[in-house]
Amino acid sequence: MSVRLNPVQLEAVAHHDGPLLILAGAGSGKTRVITQRMVRLLERGVPARAIVALTFTNKAAGEMRERVAHLLGPKSRASSNALTISTFHSFGLQVLKEERKALGGAFTIFDQGDAVGAIKECMRSINVGRNLDAFAVLSRISNAKNAFMNEDEMPELDEYDEVAKLIYPKYQSALRQFRAYDFDDLVCEVSRLWEAKPDVLSRWRERYRYLMVDEYQDTNRAQLKLLRLLAEPHRNICVVGDDDQSIYAWRGADVRNILEFEEHFKGAKVIKLEQNYRSVAPVLAVANAAIAKRTDAKYPKALFTSKSGGDPVEAVIASTPEAEASFVAREARRHTKEGTKAEEIAVLYRSNNQSTLIEAALRENGVPYRLIGGTQFFERKEVKDLLAYAKLVINSYDEISLRRVINYPSRGIGETGLDKLVTGALANGWTLWQAVERADGIDNLPNVTRSGCRALETVIGNARAALGRGETASAMLRGIASEIGLRLDIEVSSPNKDAASRRWGNVEALFATFERRERKLHSQEPAQGKDSLGNFLQALMLDFGGDDEDAKSAVVLSTLHGAKGLEFDVVFFIGLEEGILPHARTLDTKLTDSVPADIEEERRLFYVGVTRAKLKLYLSRSTARVNRGKAMPRTPSRFLLDVPEELLLQREVTDEPSLSTGEMADSANALLAALASLGE
């Protein structure tokens with residue numbers, strides 16, 4: 001191997017046949033191990049086409065592919081290209097596309113916005129949940145779907161659960177009517193297909209004989225089922241994960257999948273990676289102390305490092321949240337002046353609303369920052385509008401897209417006209433698009449609505465004709481934008497010129513995205529036609545969130561969930577108080593029936609936050625917060641109290657500037673000496 005591995009990593013890489021669980025502690029080099037393992041399999045003669053590696057983000061999949069290609073070198077480029085390295089959803093899409101004949105033909109992928117739109121339509125159709133958040137209803141349906149529950153098996157803890165039970169079958173029916181799958185279906189429907197058609201499953205088992213899974217602690221029941229189906233009978237499955245970093249139960253991840261791996265795959269070998277290559281010893285000491293208190297741990301780990309030294313972890317006690325924010329801003333500015341790059345500094349918090357004071361303080365101190373988790377590129381209105389037109393071009397059954405653009409920009413089809421179109425469609429057994437095409441034959445339809453329908457039909461017809469003539473998807477998209485007068489509408493509807501410029505810039509960026517993909521795929525497949533456009537739109541839906549945001553030098557502000565997988569030289573971990581971390585809802589027995597499990601997930605969140613720091617970590621809290629006009633005392637987080645005092649350098653701050661680093665040198669040196677005596 002061209003990259004040095006420690007003995008335990010080498011043992012994991014060298015394992016060949018049979019199930020393998022690699023418990024990879026934070027910063028222990030899991031990506032190195034999984035990529036080296038793929039290379040070792042290839043060196044042992046396993047065909048590249050027989051290997052599939054699955055993960056959760058396109059970024060992680062891309063990084064794995066790049067590392068494998070680098071390890072193999074240019075002479076083995078064909079082998080690296082033949083490997084299947086993708087997200088679960090991309091893999092599921094691949095299966096469904098190859099088996100689309102068995103599924104009834106072509107289909108559309110609904111992104112989150114489309115799915116929420118479908119939920120709203122279902123709620124409106126039966127007049128329930130008008131005041132409820134459609135996204136929250138969708139989340140409950142998503143959890144049920146991934147657990148393979150039907151509506152009768154769903155819990156009824158609150159009004160949202162009751163509405164979700166009513167909506168679930170109607171939502172599924174709507175998806176099928178639109179010939180669409182949502183993200184959950186990309187995994188669930190594969191399992192259903194394989195169970196229903198053993199001959200199809202047999203083909204995929206024969207193709208993929210070696211499975212690898214990254215971030216296994218984040219898998220849900222549906223993903224586990226897919227893996228168990230595919231792994232039999234060869235049982236060559238290797239999973240890499242860390243039960244200490246399982247923090248996504250709210251979106252269906254089940255930590256039991258990793259804890260029960262040896263039960264799901266009998267005879268599995270278990271290997272722990274505990275040597276940390278990211279953080280200094282003082283940070284690891286705090287992380288180990290906190291996670292050691294887990295009550296549900298099956299595979300306890302203790303991270304260690306061969307690095308010496310490191311600044312002590314500071315426990316910052318602020319008199320108010322404003323004092324806490326001011327301290328963070330001043331200290332961040334000091335670090336940048338002393339040579340730390342701004343992008344290597346992060347402020348982490350439990351909930352998004354905690355960023356407000358931090359943002360204000362950073363602005364006051366002239367410190368640039370960027371938020372992780374803002375509105376993503378493919379969720380911006382003007383981008384979604386144009387993509388809705390494109391989806392309608394290739395699938396007229398896509399009623400969600402049709403409803404989005406039927407009167408955008410305005411063409412005289414108001415709510416009254418739309419209601420009459422829907423009524424006409426229902427009366428005649430048509431789809432909504434067929435009602436648009438046959439608008440002249442619908443009684444009592446206003447003339448302005450008929451005219452609008454003809455205008456929309458012309459736009460879609462011209463776009464389809466353009467593809468039929470061999471034009472590229474990007475050219476077709478530009479044609480739609482021009483024909484509907486999109487730029488003018490953006491200029492008229494925006495509050496000012498700057499806003500209009502930014503919004504049109506998003507449209508231009510979408511054109512450029514299509515053009516880049518066309519250039520990239522030109523040598524692999526024709527860039528023209530409806531099939532190519534459909535493939536590209538499906539890829540975009542899987543890639544949404546892959547925003548090309550400006551990565552300029554700026555301090556990163558992020559929730560703990562958003563920071564998973566990231567690392568920074570300096571980390572400010574704020575708001576470490578009961579009711580914030582652990583979150584108040586995990587402490588309220590009225591809101592949850594699994595308080596112990598929820599508290600343990602909050603502990604894992606604390607652990608994830610701590611282990612993002614490479615060189616310097618601040619753990620801060622406020623002693624008081626204003627509630628309804630009164631300053632109320634705050635209790636330190638139980639996770640903070642679980643860390644022995646001798647591992648922390650205490651610092652108290654008020655609204656006045658706190659002690660300088662120089663004034664704290666004696667205390668810091670004393671703490672470092674104490675840490676050294678503990679050993680690594």
Side-chain angles (χ1 to χ4, degrees), residues 22-34 54-64 87-89 183 213-220 223 239-255 257-258 273 276-279 283-284 286-287 290-291 294 301 303 343-352 354-355 370-374 376 544-547 549 551 555-576 580-583 586 598 600-614 617 619 639:
I22 302 174
L23 292 160
S28 62
K30 69 178 181 64
T31 305
R32 178 190 308 172
V33 170
I34 199 169
L54 300 176
T55 187
F56 284 87
T57 68
N58 290 293
K59 180 181 178 182
E63 182 181 350
M64 272 198 276
T87 65
F88 274 95
H89 294 103
F183 272 28
V213 185
D214 189 21
E215 303 286 8
Y216 189 68
Q217 77 281 349
D218 294 336
T219 55
N220 58 31
Q223 289 155 344
V239 303
V240 184
D242 183 7
D243 54 306
D244 290 335
Q245 297 186 73
S246 179
I247 61 173
Y248 294 115
W250 53 276
R251 69 182 190 196
D254 192 339
V255 70
N257 288 355
I258 192 168
L273 305 181
N276 178 282
Y277 295 92
R278 174 189 299 159
S279 306
V283 172
L284 298 183
V286 170
I291 206 64
R294 269 186 68 184
K301 297 181 291 298
L303 301 178
E343 64 267 27
E344 286 294 338
I345 301 173
V347 184
L348 307 182
Y349 36 82
R350 176 63 177 85
S351 304
N352 276 310
Q354 291 175 257
S355 72
R370 67 183 182 96
L371 283 163
I372 290 180
Q376 302 294 343
F544 91 100
D547 199 350
E549 292 188 22
V555 171
V556 172
L557 274 56
S558 175
T559 63
L560 295 168
H561 290 99
K564 175 74 163 53
L566 305 179
E567 57 184 44
F568 306 91
D569 286 347
V570 179
V571 168
F572 296 90
F573 193 168
I574 69 170
L576 292 173
I580 296 180
L581 186 70
H583 196 282
T586 67
D598 291 339
E600 289 309 309
E601 176 134 338
E602 295 290 294
R603 181 182 299 281
R604 296 193 292 269
L605 266 176
F606 178 83
Y607 177 81
V608 166
V610 168
T611 53
R612 297 313 93 197
K614 294 193 288 185
L617 173 65
L619 303 175
F639 310 134

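The salt bridge (charged side-chain N to carboxylate O under 4.0 Å, His left out) check on Asp244 picks up Arg294, Lys301, with sequence neighbours excluded. Under the rule for a side chain to side chain contact (heavy atoms under 4.5 Å, CB included), the partners of Ala563 that lie at least two apart in sequence or sit in another chain are Leu348, Ser558, Arg612. Applying the side chain to side chain contact (heavy atoms under 4.5 Å, CB included) rule to Asp218 yields the partners Phe56, Glu215, Tyr248, Lys564; only residues at least two apart in sequence or on another chain are considered. For the side chain to side chain contact (heavy atoms under 4.5 Å, CB included) test, residues two or more places apart in sequence or in another chain that qualify with Thr559 are Tyr349, Asn352, His561. Under the side chain to side chain contact (heavy atoms under 4.5 Å, CB included) criterion, Ala24 pairs with Ser28, Lys30, Val240, Leu273, sequence neighbours left out. Looking at residues two or more places apart in sequence or on another chain, you find no side chain to side chain donor-acceptor pair (under 3.5 Å) involving Ser246.
For the pair Gln245 (side chain) and Val608 (backbone), a donor-acceptor distance under 3.5 Å is absent. Side-chain atoms of Arg350 never come within 3.5 Å of backbone atoms of Gly575 as a donor-acceptor pair (strictly under, hydrogens ignored). Counting only distance, with no hydrogens or angles, the side chain of Asp243 and the backbone of Val255 share no donor-acceptor pair below 3.5 Å.
Distance check, rounded to the nearest 0.5 Å: CZ of Phe572 to CG of Leu619 gives 11.5 Å. Atom CG of Leu581 sits about 7.5 Å away from atom CZ of Phe606, to the nearest 0.5 Å. Ile574 contributes atom CD1, which lies 8.0 Å from atom OG of Ser355 (distance to the nearest 0.5 angstrom).
Scanning both residues, Gln217 and Ala253, for their nearest heavy atoms gives O-CB, 4.2 Å. Of all the heavy atoms in Asn220 and Asn257, the pair that sits closest is O-ND2, 3.2 Å. For Ile247 against Leu560, the heavy-atom pair with the smallest separation is CD1-O, 4.4 Å. Residues Ala613 and Val283 approach most closely at O-CG1, 3.8 Å, considering heavy atoms. Nearest heavy atoms, Ile258 versus Gly241: CD1-C, 3.8 Å.
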